[in-house]
Novice: 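Dropping a structure here in C-alpha cells format, bear with me for questions.
Residues take their numbers from the sequence shown, with the count starting at 1. Because the structure is a prediction, the values reported are computed rather than measured.
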Amino acid sequence: AGAWSRASWLVPALAAFALATTTRVANAYGAERPRPNNLFYVEDHAKGRAQWVTFTPANDSWLEPRFGSDTQPCSPRDFGVAWWPFDGRCAPAPQLDLAVPQATLLSERREGSTRKLSIRVSSSRQAPVVAIALPDRGRVVAATLQGKPVVAQNVAPNVPWSVVFWGVPDDGLRLELELRGTGALDLHVVDQAFDLDSRIGKRPTEFLSLPALILFDSSRSHQLCRL
C-alpha cells in the first residue's frame with residue numbers, strides 16, 4: 001500500500017514538473033535565444049505542383065501560416081532526396097516558376113542486355129547543388145560522375161540509387177551510366193539554391209534556421225527526365 005501511495009502522488013508531480021519546464025523553455029525563446037526551425041520550397045515540374053516542406057514540429061508561429069489544414073506527412077523521397085530517412089510535413093505552396101533542371105542524353109550504346117549512357121546534367125538557374133536519383137537501383141551496373149566512380153556503401157536494396165554534387169560547374173555535370181535492361185530510364189534531377197530569403201523574406205530575429213543535414217533552407221526544382 002505504501003508503494004502504491006508514493007506512486008499515486010509521484011507521477012502527477014513529475015508530469016507537472018515536466019509541463020512547467022517545457023513551458024518555461026518554450027517561453028524563453030526570443031531575439032537573444034532564437035527558436036530553431038527549417039523551411040524548404042519544392043517545385044515539382046513533373047507533377048505540376050509546389051510545396052512547402054519542414055521537419056520542424058507544429059506550433060511554430062513563423063511556419064504555421066504556411067501549414068494549414070491541408071498539411072500532410074511526406075517523404076523527402078517524393079521530391080528527389082533519396083537518402084533522407086525521416087518524414088516531414090508538406091503543404092501546398094504558390095508556384096515560383098523556378099527554371100527546370102536538365103538531363104540531356106549525349107550518347108548511348110547498347111551491348112546485349114545493357115545500356116551505356118552518357119548524360120549531361122545541368123541547372124538552368126546555376127544552382128550550386130544538384131541531386132540525381134534512379135528509383136530502381138538494381139538497374140545500375142556502374143556509374144561515374146565527372147570521371148569519378150560512384151560507389152554505393154551500406155545502402156538498403158529498397159533505397160533509390162542517388163548522388164548529390166556540391167559546387168556544380170556552369171556547364172553542368174557529366175554522368176556515365178551502365179544499366180541492366182534496355183528499357184527507358186527515369187532519372188530524377190533536383191537542383192538546390194540557397195535563395196529562400198530573397199523569395200519569401202527573412203525570418204524574424206526570434207527564429208533561427210536549423211539545417212536538417214544538408215537540407216538547409218532552400219528552393220528546390222525537381223524534374224523527372226525519361227531517357
Novice: Check the side chains of Thr54 and Arg66 for a donor-acceptor pair under 3.5 angstrom, ignoring hydrogens and angles.
Specialist: no

Novice: Are side-chain heavy atoms of Leu134 and Leu187 found at a separation under 4.5 Å?
Specialist: yes

Novice: Hey, is CD on Glu32 packed in by over 12 heavy atoms from elsewhere, all under 6.0 Å?
Specialist: no

Novice: Given side-chain contact (heavy atoms from CB on, under 4.5 Å), test Val164 with Gln192 step by step and report yes or no.
Specialist: CA-CA 10 Å; Val164 179; Gln192 179 178 1; 5.9 Å; no

Novice: Decide whether Leu224 and Val53 are clustered together by the hydrophobic rule: side chain heavy atoms of Ile, Leu, Val, Met, Phe, Trp, Tyr closer than 4.5 Å, transitively.
Specialist: no

Novice: Quick one: does Ile200's side chain get under 4.5 Å of Tyr41's, heavy atoms only?
Specialist: no

Novice: Which residue is it: Cys90, Pro94, Pro92? I am looking for the one with a side chain to side chain contact (heavy atoms under 4.5 Å, CB included) to Trp52.
Specialist: Pro94

Novice: Going from OG on Ser107 to CG on Leu117, what distance comes out if it is rounded to the nearest 0.5 angstrom?
Specialist: 8.0 Å

Novice: Is there a side-chain contact (heavy atoms from CB on, under 4.5 Å) between Glu206 and Ser61 once you walk through the steps?
Specialist: CA-CA 10 Å; Glu206 61 266 31; Ser61 61; over 6 Å; no

Novice: Would you call Glu178 and Arg109 a salt bridge, using N to O less than 4.0 angstrom?
Specialist: no

Novice: Nearest 0.5 Å, please: how far is CG in Leu177 from CZ in Arg115?
Specialist: 9.5 Å

Novice: Consider only side-chain heavy atoms of I, L, V, M, F, W and Y, link residues closer than 4.5 Å, and tell whether Val190 and Val100 are in one cluster.
Specialist: no

Novice: Please say whether more than 12 non-hydrogen atoms of neighbouring residues, nucleotides or ligands are located less than 6.0 Å from CZ in Arg110.
Specialist: yes

Novice: If we only count heavy atoms from C-beta on, is the Val150 to Phe165 side-chain gap below 4.5 Å?
Specialist: no

Novice: Can you tell me how far apart OG1 (Thr56) and CH2 (Trp62) are? Round to the nearest 0.5 Å.
Specialist: 9.0 Å

Novice: Examine the side chains of Ser118 and Glu176 and answer whether a donor and an acceptor come within less than 3.5 Å of each other.
Specialist: yes

Novice: Before giving the answer on side-chain contact (heavy atoms from CB on, under 4.5 Å), spell out for Val168 and Asp191 the whole-Å C-alpha distance, their side-chain angles and the decisive distance to 0.1 Å.
Specialist: CA-CA 10 Å; Val168 178; Asp191 69 10; over 6 Å; no

Novice: Could you walk me through whether Ile119 and Leu106 satisfy the side-chain contact (heavy atoms from CB on, under 4.5 Å) test, starting with their C-alpha distance in whole Å, then the side-chain angles of each, then the deciding distance to 0.1 Å, before giving a yes or no?
Specialist: CA-CA 5 Å; Ile119 303 166; Leu106 302 177; 6.0 Å; no

